S.K.: 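I'd like to ask you about the structure that follows.
Given the structure is predicted, the values throughout are model-derived calculations rather than measurements.
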Amino acid sequence: MTTRVIIVDDQAMVRAGFAALLAAQSDIDVVGEAPDGAQGVELSRRTRPDVVLMDVRMPEMDGLEAARRILAPPKDVTHLPRVLMLTTFDVDDYVYEALRAGASGFLLKDAPPADLITAVRVVASGDALLAPSVTRRLIADFARQRPAGRGRPALRLKALTERETEVLTLVARGRSNAEIASTLVLAEQTVKTHVSRVLTKLDLRDRAQAVVFAYESGLVAPGE
């Protein structure tokens, strides 16, 4: 199955480089490019890609607002692609908000070419791209600036079983399914089932949103 991708970035050379790299893959088809967020939103709705590579900082409309519009469209728009944020810096205010908006992760622009290809495939498969050295630190930094969750986020945790809460805690700490399985002495398929149930019960789209939720609800504290 071919993964349809669009690239939204205000730098023409970046778009061209990413497009050439991805188009060389037999399982990836670059179906469009846009120079700013507003055109990216329109292009996404017109081409219906599986994955949107979205630059964070752009003129006219930045990647955060574009991601929000793509992931929370009007009722007459039913297609929801995965959004992978691209950033020049490993800590960016916009990235945290993009994860909250439903982005499936982010990638540094200077990452090795193989990482970009892998990232597209990971996100297209329905998983989230959580680079432990970057994403967890970024979320933790923002969590330090906000009080632990109160009200709705914390109350929603009550819907989880004890085991599901353990799994969510480990997901928030950046553990893979295999690592969670080893820690809890479970089969990896069982862990996948627990993760799926956690996402369903908490109405979360993927692991990226699960990590954000865990910090905002107070289940996981920065520095743990």
S.K.: Tell me the closest heavy-atom pair linking His79 and Pro49, and the distance in Å.
M.R.: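 What the structure gives for the nearest pair is NE2-O, 2.6 Å.
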S.K.: Hey, is Arg156 close enough to Asp203 for a salt bridge, meaning N to O under 4.0 Å?
M.R.: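 Between Asp203 and Arg156 there is no salt bridge, as every charged N stays at least 4.0 Å from the carboxylate O atoms.
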S.K.: Contact between Thr3 and Gln25 at the side-chain level, heavy atoms closer than 4.5 Å - yes or no?
M.R.: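 A side-chain contact is absent here, since even the closest heavy-atom pair is not under 4.5 Å.
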S.K.: Examine distances only and state if a side-chain atom of Thr169 and a backbone atom of Thr165 form a donor-acceptor pair shorter than 3.5 Å.
M.R.: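 Side chain of Thr169 to backbone of Thr165: a pair is present.
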S.K.: Check whether any side-chain N or O of Thr193 sits under 3.5 Å from a backbone N or O of Gln189 as a donor-acceptor pair, and report yes or no.
M.R.: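 Checking the backbone N and O of Gln189 against the side chain of Thr193, a donor-acceptor pair under 3.5 Å is found.
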S.K.: Check Ala67 against Val83 and note the closest heavy-atom contact, atom names and distance.
M.R.: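 Looking at all heavy atoms of both residues, the shortest contact is CB-CG1, 4.3 Å.
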S.K.: If I take atom OG from residue Ser104 and atom CE from residue Met54, how far apart are they, to the nearest 0.5 angstrom?
M.R.: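 Answer rounded to 0.5 Å: 12.0 Å.
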S.K.: Are the side chain of Asp50 and the backbone N or O of Arg4 linked by a donor-acceptor pair below 3.5 Å?
M.R.: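 Confirmed, Asp50 side chain pairs with Arg4 backbone.
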S.K.: So do Val14 and Leu86 actually touch side chain to side chain, heavy atoms under 4.5 Å?
M.R.: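 No, every pair of side-chain atoms sits at 4.5 Å or beyond.
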S.K.: Would you find a donor on one side and an acceptor on the other, under 3.5 Å apart, between the side chain of Thr183 and the backbone of Glu179?
M.R.: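 The answer is yes, because a donor-acceptor pair under 3.5 Å joins these two groups.
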S.K.: Checking the side chain of Arg15 only, and the main-chain atoms of Asp9 only, is there a donor and an acceptor separated by less than 3.5 Å?
M.R.: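 Answer holds: yes.
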S.K.: In a check of side-chain contact (heavy atoms from CB on, under 4.5 Å) between Arg207 and each of Leu168, Val195, Val212, which one passes?
M.R.: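 Between Arg207 and the candidates, side-chain contact (heavy atoms from CB on, under 4.5 Å) is satisfied uniquely by Val195.
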S.K.: Working to the nearest 0.5 Å, report the span between CD of Gln11 and CG of Asp55.
M.R.: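 So the CD of Gln11 and the CG of Asp55 are separated by 7.0 Å.
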S.K.: As a quick check of understanding, evaluate side-chain contact (heavy atoms from CB on, under 4.5 Å) for Met58 and Gln39, giving each step before the final call.
M.R.: CA-CA 11 Å; Met58 294 180 289; Gln39 293 184 55; over 6 Å; no
S.K.: On a heavy-atom basis, which atom in Pro73 and which in Ile70 lie closest, and how many Å separate them?
M.R.: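 The pair with the smallest heavy-atom distance is CD-O, 3.6 Å.
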S.K.: Could you check whether any side-chain heavy atom of Phe213 comes within less than 4.5 Å of a side-chain heavy atom of Leu157, counting everything from C-beta outward?
M.R.: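 Yes, side chains in contact.
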S.K.: Going from CG on Leu64 to CE on Met61, what distance comes out if it is rounded to the nearest 0.5 angstrom?
M.R.: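 Reported value, rounded in 0.5 Å steps: 10.5 Å.
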S.K.: Any chance you could measure Leu160, atom CG, to Leu219, atom CG, to the nearest 0.5 Å?
M.R.: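 It comes to 8.5 Å.
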S.K.: For residues Leu71 and Pro81, report the shortest heavy-atom separation together with the two atoms involved.
M.R.: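 Smallest interatomic distance, heavy atoms only, reads CD2-O, 3.5 Å.
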S.K.: Before you tell me yes or no, could you show the steps for Val191 and Leu184 under side-chain contact (heavy atoms from CB on, under 4.5 Å), namely the whole-Å CA-CA distance, both residues' side-chain angles and the distance that decides it to 0.1 Å?
M.R.: CA-CA 9 Å; Val191 172; Leu184 299 180; 5.7 Å; no
S.K.: Could you tell me which non-hydrogen atom of Leu107 sits nearest to which non-hydrogen atom of Ala119, and how far apart they are?
M.R.: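 Answer, listing the atom of Leu107 first, then Ala119: CD2-CB, 4.1 Å.
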S.K.: Do Asp36 side-chain atoms and Ala38 backbone N/O form a donor-acceptor pair below 3.5 Å?
M.R.: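 Judged by distance alone, yes, a pair lies under 3.5 Å.
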S.K.: If we check side-chain contact (heavy atoms from CB on, under 4.5 Å) with Arg121, which of these qualifies: Val123, Thr118, Ile117?
M.R.: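 So the option named by the test is Ile117.
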S.K.: Using a 4.5 Å cut-off on heavy atoms from C-beta on, say whether the side chain of Lys201 contacts that of Thr161.
M.R.: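 They are in contact (side-chain heavy atoms under 4.5 Å apart), so the answer is yes.
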S.K.: Can you name the one residue among Ile6, Val52, Val5 that meets side-chain contact (heavy atoms from CB on, under 4.5 Å) with Thr47?
M.R.: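 Passing option: Ile6.
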S.K.: Mind checking the OG-CG spacing from Ser182 to Asn177? Nearest 0.5 Å is all I need.
M.R.: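 Going from OG on Ser182 over to CG on Asn177, the span is 12.5 Å.
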S.K.: For residues Val171 and Val198, determine if any side-chain heavy atom of one lies less than 4.5 Å from a side-chain heavy atom of the other.
M.R.: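 Not touching, per the 4.5 Å side-chain cut-off.
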S.K.: Can you find a heavy atom in the side chain of Ile180 that is under 4.5 Å from one in the side chain of His194?
M.R.: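 When only atoms from C-beta onward are counted, His194 and Ile180 do not touch, as no gap falls below 4.5 Å.
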S.K.: If you look at every heavy atom in Thr2 and Ser26, which pair is closest and at what distance?
M.R.: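 Shortest heavy-atom separation between Thr2 and Ser26 comes out as OG1-O, 4.3 Å.
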S.K.: Report yes if the side chains of Val167 and Arg197 come closer than 4.5 Å at any heavy-atom pair, otherwise no.
M.R.: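 A side-chain contact under 4.5 Å is absent here.
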